[in-house]
Amino acid sequence: MNPSEKETYYGILPIKTNERIYGFKDTFLITAGYGIATWCFVQGAWISSILPFYIALLVTVAGIMLFSIPAFLVTILPSRYGCDIWIYQRAIYGYRLNLIFLIIAVAFGSGWDAVNARVFADSIIMVANSMGAGLGPNLTPWISIVCVLSGFAIAIKGPIAVKKTTMIIIPTLLVVGVAMVILILWHITPQELNAVKPIYSNDYNSISESIVYVTESNFAYAFAWFACLGVIPRMVKSERSSIWGHLLGMGLVMTGFICIGILSGTYMSALGIYSENITESLLHIGGPFFGSISLIAIACANISTQALELYAFTLATKVLKPDWSYKKIMVGWLTLILILTF
């Protein structure tokens, strides 16, 4: 790729329709890869800790899909004009305020990346210790950097590398996700799950109050990815492919994995344990073998998410400071994530 082509993909130049590399399938797979990560299990476990199983599923599916529609409508303009959302926001907010918004958005997103990396490490330690390895928690940040650096190695090569990676990883993740559901429901029925008292339900005055908190949280969850919503659609060949790819990938699939987190969290609540890590659930079900299955999912999901996050953060920053180096910007955001991880 020559310097001009790199600027088209990494910089502020609008991408022409005939230069774009993503269709509907690519958009769906990439956004699904971004949505499927440990944060789904963290969100799902918290919801399951305060709401009964059926109500938790209903509120989550209805809430996130409802809030995703206005959030993902913002992808229309980038796919229409081939530019990132941070370009046209400069006309609304001005350069300085737009830069402040970017820094805030990316800084909070980096915290989620650190959470994903640490759960990646916790899962490895859990599975290894179930086999008698005897690893201590002091190794967590050191194992976490494997996840972050693996994502960086993909992201530094740009959107084509991200596309190729997700084409392999995401179908695997979807299969593993279905396998997780089957394994848990093999050991406990939906009726038994719904009879489980949420482990932290007493922290709220009523179910109605819990529903309000979960709805608010899901609203925030759906809008949390705003900083990255212009990165992929600017390279999508049509507006229709962009909006449907985001709604089904980042909306529906991500919601499905949050529901898997609810399923896992409710199962652990039945055992009197609050757990945000689905590896722990599957270790209780079937030992190291099933724990290794979830570890594959967590590893693949978190690495692909790290890659897309770093690419999105870097491009959004370069839009506002086009004279900065793509690689140096990415190394800067990588450093922040590593610091937060430690």
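Here, residue 1 is the first one in the sequence, and each next residue gets the next number.
If you take CZ on Arg118 and CG on Asn302, they are separated by 13.0 Å, rounding to the nearest 0.5 Å. The line from NE2 of His246 to OG of Ser79 is 9.0 Å long, rounded to the nearest 0.5 Å. Within the model, atoms CD of Gln43 and OG of Ser217 stand 3.5 Å from one another, a figure rounded to the nearest 0.5 Å. Taken to the nearest 0.5 Å, the CD atom of Gln306 stands 4.5 Å off from the CG atom of Asp113. Rounded to the nearest 0.5 Å, atoms CH2 (Trp333) and CD (Glu309) are 11.0 Å apart. In this structure, CG on Asp122 lies 10.0 Å from CD on Glu276, to the nearest 0.5 angstrom.
Other residues, nucleotides and ligands contribute only 12 or fewer heavy atoms inside 6.0 Å of the OH atom of Tyr81.
For Trp142 and Phe342, the gap between ring centers is short of 6.0 Å.
Not a single salt bridge (Lys or Arg N to Asp or Glu O under 4.0 Å) links Glu209 to another residue, sequence neighbours left out.
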| request: Kindly indicate, with the supporting measurements, whether the criterion side chain to side chain donor-acceptor pair (under 3.5 Å) is fulfilled by Ser241 and Ser238. | output: CA-CA 5 Å; Ser241 296; Ser238 71; 2.9 Å; yes
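Inspection of the Ser275 and Glu280 side chains reveals an N or O donor paired with an N or O acceptor under 3.5 Å.
Both Phe53 and Tyr200 belong to a common hydrophobic cluster when Ile, Leu, Val, Met, Phe, Trp and Tyr are linked at side-chain heavy-atom distances under 4.5 angstrom.
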